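Given the structure is predicted, the values throughout are model-derived calculations rather than measurements. Below, chain A is the first sequence line, B the second, and so on; all start at residue 1.
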Amino acid sequence: MARFDPGVTEPKWQTAWDEAGTFTATRDESRPKYYVLEMFPYPSGRIHMGHVRNYTMGDVVARYKIATGHNVLHPMGWDAFGMPAENAAMAIGGHPKDWTYGNIATMKEQMKPLGLSIDWSREFATCDPDYYGQQQALFLDFLEKGLVYRKNAVVNWDPVDMTVLANEQVENGRGWRSGALVERRELTQWFFKISDFSEELLDALDTLEDWPAKVRLMQENWIGRSRGLQFSFDRTDAGDPITVYTTRPDTLLGASFVGISPDHPIAKAMEADSTELAAFLKEARKGGTTEEAIETAEKLGYDTGIRVRHPLNPDWELPVWIANFILMDYGTGAIFGCPAHDQRDLDFCRKYDLPVIDTFFGLDDQTPVKTEAFVPPKTEKVKWINHFAGLDVATGQQAIDATIDFAEKQGWGQGVTKFRLRDWGLSRQRYWGCPIPVVHCDACGVVPEKKENLPIRLPDDVSFDKPGNPLDRHPTWRDCSCPACGAPARRETDTMDTFVDSSWYFARFTAPRAETPTDMAEADYWMNVDQYIGGIEHAILHLLYSRFFARAMHICGHLPEKSKEPFNALFTQGMVTHEIYQTRDANDRPVYHLPEDVEDGKLAATGEAVEIIPSAKMSKSKKNVVDPVNIISSYGADTARWFVLSDSPPERDVEWTAAGADAAFKHLGRVWRIAEEVAAAQDAPTGEDEALLREMHKAIRDVTLGVESFGFNAAIAKLYAFTNALAKSKAGAEAKRQATKTLAQLMSPMTPHLSEDIWALLGGEGLVAEAAWPQADEAMLVENTVTLPIQINGKRRSEITVAKDLAKEEVEKIALADDAVVKALDGGQPKKLIVVPGRIVNVVI
RNA sequence: GCGGGCGUGAUGGAAUGGUAGACAUAUCGGACUUAAAAUCCGAAGGCCUUGUGCCGUGUGGGUUCGAGUCCCACCGCCCGCACCA
């Protein structure tokens, strides 16, 4: 008898699939296509369990769709540009290119044994000149259509290293290498005009029915449509009026100051004339550029001395303050502060001793605001004590609408719809990215590179011994001639944000070697992605940028109309977590240990007890990692695949435990043994055949439903139950053989290698990977009787078994005759009798 | 600070508003064995006064004949916040 030996059989079946070309995708108009895609990995150097989980889920979908007659596209590539390669070059030497391609080779080597149904012939890395050259072509097309432009934007500036820092390189407001306090500094940068699509990107969210509601909600809030009032405050001096935008114009009579951003033109204009103001602005510009850093920073204000007139009362003067929590990017970069109904404004006014004026109270609480602003929901009715648009008791929203009408009628303000979504800054002052294909010419200005000169390749001879962008200090790379006039010119040395790379790779997979960004015939056949799978951390940026790119690519003729929303269905999976094992060193500092070095709560080497910290995301620094390579070499890929799918619902985190992996391995061994016994048994029909076949059809129904709805853990629970039923069954050999072959098929998306073994053992035709998915026979699923629980006052007290379609009146009679009910009623009548057919009976007494 | 999500036995989790704890892990008991491993069979939310008992899905309220599920508030954890990928 053969052993269950994944080490031997897994490579065998992988070779068989390769030789049969099972997963090579070619256009075939005769079959429905299905495009399943997992978010491609960054080539960090080693695969981790999160990858295994992500790709196994995609693989289950892909294999299931093959079995149900689809022509499946399931590609894989590498999100290969980005900072880690440059950081590695700085830390350990070498070249980002060598580091990246080396990592790709290693990771591919580690992924192959998983037996994924990937069409590797379509593989590419975003750092391949062939890929980024086409990306440059896209950039030029976008430029021509007015979808790209240049403007100033702020970056994190490290004044010691004299370099731009990414947000993640800013730690507690300081540069990660120099430790210097980071400043915000303006640079001229390239932007995609995603804001032109704000409304469309928002409205189209409603069509994404197969996306998680939470992702759509997050994008809705991110795009942030708001209707408010835009109007101007006249200055008491001769200066230009200050235009503000507010979503709460109804609180205008509670205004106590006008606030402008430190980046507002007025602030900038005054900066040169006042050393005091310059010092304040320097202070206000300290810290990182993230919204979080700005909003949690201590509130700072500076009185400009400018005074403005209140639009409703020219005698009422308000001071103009510069405040560090006002963003230049949103609205007009200027607001009026209403401290009574905005906590930030209140904190600011208390700090600088500005007045606090209530404009409305709750209907039954007229306490003036002290330290907590009164901010009821806009749908709640409030009582106005300071009103001007004719309302006394109204909701906030009614008051806002009335105020906008009032201001428009009087002609001093306008209702305006604004979006929070900002244009997408794509410039990065870094080497390892896609060069922006433009040239700066003294005579012609900014000139696009000619398409025939693409790709603009990154130079190989660069060094990383200094901070900053090596392209900037390269002796010759910048030198070029102007594509327009031929005069000596300079290449743009900024490269593109790596989000650009990942915003169209899904389209490139449909024709990865095309000489244009896409091939319309291929794109038209394969697009859209039918099922996209990835982490929730990409809920906003990556997915929103991709939606923008798909629209822009359509405008430029690179994608069909139907691909404006490129991902038909989205699934966001959870992380893989593990317990953390910790001891303390002589200085009481934590020391972490790998799970493989710990046995029974003690260090295997020394016997020292470890502290066990509850599960957290696997991370190298906490050493709570399990290397998939080790798991596959000791248990095989099927065990790893089975376990990551079995223990948790896929959208939630899964905790990796050694015991769980061991149990998964044991279970697969058990299935293998059952198959061997069944294969060896002599046929002799028994009276138990039908019962087993009924279980089989129920399993087909439940597993199919589980796989289709991403209930992989539920599908696996059914497979366990079906395996138990099969093992205990007294059915004849032929029925058992049929049940076992079906079990192998139902398991094949999760454990493809073992399933091939069993399929072959039981004489299945061809590969199970290519066999048609089993169909549940409705007739075998019908149950004739049903057990109904009987509740008395909502608590389960008894149960009855009745015919499945027994009339409601009959069920009521039987229920009322039940001992427990008779006793509880004690001769009386029930107040109410609820019968939910097929579900439950509730007697209310 | 802002936006989004999650919270059920010792553990991972199951449950279209309708019998809470399916399935699995760990545990305990039994069979097989000289013994162990492997395998197979079985038990099991908590509590007590062992009953037709009480309690029980982060905490506190609410809606409902009925709430893990819906609503409100709070607590804890996770994701995102535009230059990490």
Side-chain angles (χ1 to χ4, degrees), chain A residues 39 41-42 44 79 81-84 153 155-156 164-170 189 194 212-215 217-222 224 288-297 325 329 343-344 421-430 497-499 501-502 535-542 544-545 572 574-575 614-617 646-649 651-655 657 659-660 662-664 666-667 669-670 673 711 713-714 716-721 724 727-728 787-799 819-820 823-824 830-834 836 838-844:
Chain A
M39 291 180 184
Y42 179 79
S44 59
D79 190 12
F81 274 135
M83 292 203 308
V155 294
N156 298 304
V164 176
L165 297 178
N167 285 335
E168 73 154 12
Q169 295 174 320
V170 179
Q189 312 207 59
I194 190 172
K214 65 181 168 187
V215 174
L217 187 57
M218 280 191 256
Q219 291 213 358
E220 187 181 321
N221 290 334
W222 184 262
T289 57
T290 67
E291 198 165 301
E292 184 189 6
I294 291 167
E295 293 212 15
T296 53
F325 58 87
D329 289 316
Q343 192 61 43
R344 279 187 310 192
L421 180 65
R422 314 200 290 255
D423 277 333
W424 170 13
L426 68 118
S427 293
R428 297 292 181 271
Q429 295 70 38
R430 269 173 255 293
D497 177 6
T498 56
F499 271 123
D501 312 336
S502 56
I536 186 70
E537 66 272 21
H538 295 293
I540 297 175
L541 294 179
H542 162 61
L544 192 60
Y545 290 159
T572 54
M575 299 178 299
S615 273
K617 181 178 183 170
S646 68
D647 242 32
S648 276
E651 69 275 13
R652 244 195 269 179
D653 294 348
V654 64
E655 181 177 355
T657 62
D662 208 47
K666 280 183 191 169
H667 176 73
R670 180 178 182 226
R673 273 194 308 281
N713 59 324
I716 283 181
K718 298 294 179 191
L719 286 167
Y720 269 111
N724 290 341
K728 280 182 191 155
T787 303
L788 295 181
I790 296 186
Q791 293 183 335
I792 295 170
N793 288 341
K795 294 201 174 192
R796 184 182 173 281
R797 283 292 182 263
S798 182
E799 63 182 33
D819 284 352
K823 211 162 205 172
K831 269 193 210 152
K832 204 167 181 180
L833 188 57
I834 292 147
V836 183
R839 277 292 182 190
I840 205 165
V841 179
N842 191 8
V843 186
V844 185

Any strand: nucleotide that pairs with B:U49 via Watson-Crick or wobble, under 3.5 Å: none
Base-pairing assignment for B:U25 (Watson-Crick or G-U wobble, both under 3.5 Å): B:A10
Under 3.5 Å on both distances, the Watson-Crick or G-U partner of B:C74: B:G58
Euclidean distance, A:Asp329 CG relative to A:Glu291 CD, rounded to 0.5 Å: 9.5 Å
Sugar-phosphate only, base, or nothing, as touched by A:Pro41 at under 4.0 Å among non-hydrogen atoms: nothing
Complementary nucleotide for B:C81 - Watson-Crick or wobble, under 3.5 Å: B:G1
Minimum-distance nucleotide (side-chain atoms of A:Arg797 versus B:C54, B:G5, B:C83): B:C54
Flag, side chain of A:Asp423 to backbone of A:Ile194, donor-acceptor distance under 3.5 Å: yes
Sugar-phosphate, base or nothing in reach of A:Asn167, heavy atoms under 4.0 Å: sugar-phosphate
Distance in angstrom units between A:Arg839 CZ and B:U16 P, rounded: 8 Å
Sugar-phosphate only, base, or nothing, as touched by A:Lys831 at under 4.0 Å among non-hydrogen atoms: nothing
Gap in Å between the two C1' atoms, one belonging to B:G53 and one to B:C71, rounded: 33 Å
Spacing of the C1' atoms in B:U33 and B:U49 (rounded, Å): 46 Å
Which nucleotide in B:A85, B:A82, B:U25 has an atom nearest any side-chain atom of A:Tyr545: B:A82
Nearest-Å distance for atom pair CD/P, residues A:Glu292 and B:C83: 15 Å
Side-chain heavy atoms of A:Met83 within contact of A:Arg428, under 4.5 Å: no
Sugar-phosphate, base or nothing in reach of A:Ser427, heavy atoms under 4.0 Å: base
Check: A:Glu291 side chain, B:C81 base, donor-acceptor under 3.5 Å: no
Nearest listed nucleotide, side chain of A:Gln791, among B:A20, B:U39, B:C54: B:A20
Considering all heavy atoms, the nearest A:Gly425-A:Asp497 contact: O-OD2, 4.2 Å
Residue A:Glu168, side-chain atoms from C-beta onward, closest of B:C55, B:C84, B:G1: B:C84
A:Asn156 side-chain N/O to B:C83 phosphate OP1/OP2 under 4.0 Å: no
Phosphate contact (B:C65 OP1 or OP2) by A:Lys832 side-chain N/O below 4.0 Å: yes
Sugar-phosphate, base or nothing in reach of A:Arg428, heavy atoms under 4.0 Å: base
d(CG, A:Asn713; P, B:C23) in whole Å: 14 Å
Sugar-phosphate only, base, or nothing, as touched by A:Gln429 at under 4.0 Å among non-hydrogen atoms: base
Spacing of the P atoms in B:U8 and B:G13 (rounded, Å): 8 Å
Atom-to-atom span, CG of A:Leu165 to P of B:C83 - whole angstrom: 14 Å
Sugar-phosphate only, base, or nothing, as touched by A:Thr290 at under 4.0 Å among non-hydrogen atoms: sugar-phosphate
Candidates B:U19, B:C23, B:C84 - which lies nearest the side chain of A:Ile840: B:U19
Base orientation of B:G9, syn vs anti, 90° cut from 0: syn
Touch class at under 4.0 angstrom, heavy-atom based, for A:Val836 against every strand present: base
Nearest to side-chain heavy atoms of A:Glu537, which nucleotide of B:A38, B:G18, B:G80: B:G80
B:C6 versus B:A14 - spacing of their P atoms, nearest Å: 13 Å
Sugar-phosphate, base or nothing in reach of A:Lys718, heavy atoms under 4.0 Å: nothing
Same-atom distance (C1') from B:U59 to B:C75, integer angstrom: 7 Å
Side-chain donor/acceptor contact of A:Gln189 with base of B:C83 under 3.5 Å: yes
Side chain of A:Tyr720 (C-beta onward), nearest among B:C23, B:G1, B:G3: B:C23
C1' atoms of B:A67 and B:C41, separation to the nearest Å: 39 Å
Nucleotide forming a Watson-Crick or wobble pair with B:C40, both distances under 3.5 Å: B:G30
Closest contact, heavy atoms only, A:Gln189 versus A:Ser427: OE1-CB, 3.3 Å
Side-chain N,O (A:Lys666) to OP1/OP2 (B:A37) below 4.0 Å: no
A:Asn724 side, atom CG; A:Leu719 side, atom CG - distance, nearest 0.5 Å: 11.0 Å
Sugar-phosphate, base or nothing in reach of A:Asp329, heavy atoms under 4.0 Å: nothing
Touch class at under 4.0 angstrom, heavy-atom based, for A:Asn793 against every strand present: nothing
Atom pair distance, as rounded to whole Å: CG in A:Asn724 and C1' in B:A24: 10 Å
Spacing between A:Ile540 atom CD1 and B:G80 atom P, to the nearest angstrom: 10 Å
Under-4.0 Å side-chain N/O to phosphate OP1/OP2 contact, A:Ser648 with B:G12: no
Gap between atoms CG and P, on A:Leu426 and B:C83 respectively (whole Å): 10 Å
Sugar-phosphate only, base, or nothing, as touched by A:Ile834 at under 4.0 Å among non-hydrogen atoms: base
Closest listed nucleotide, where the reference is the side chain of A:Ile536 and the choices are B:C79, B:C2, B:C6: B:C79
B:U16 versus B:C54 - spacing of their P atoms, nearest Å: 27 Å
A:Val164 side chain, from C-beta outward: closest of B:C83, B:G5, B:U19: B:C83
A:Gln219 side chain vs A:Ala539 backbone, donor-acceptor pair below 3.5 Å: yes
Nearest-Å distance for atom pair CG/C1', residues A:Leu541 and B:G80: 8 Å
Presence of A:Arg670 side-chain N/O under 4.0 Å of B:C40 phosphate oxygens OP1/OP2: yes
Nearest listed nucleotide, side chain of A:Arg430, among B:C83, B:G3, B:C65: B:C83
Validation row: A:Asp79, A:His542 side chains within 4.5 angstrom (heavy atoms): no
Touch class at under 4.0 angstrom, heavy-atom based, for A:Phe325 against every strand present: nothing
A:Asn156 side chain vs A:Thr289 backbone, donor-acceptor pair below 3.5 Å: yes
From A:Met218 atom CE to A:Ile536 atom CD1, the distance as rounded to the nearest 0.5 Å: 4.0 Å
P atoms of B:A43 and B:C23, separation to the nearest Å: 11 Å
Sugar-phosphate, base or nothing in reach of A:Leu421, heavy atoms under 4.0 Å: base
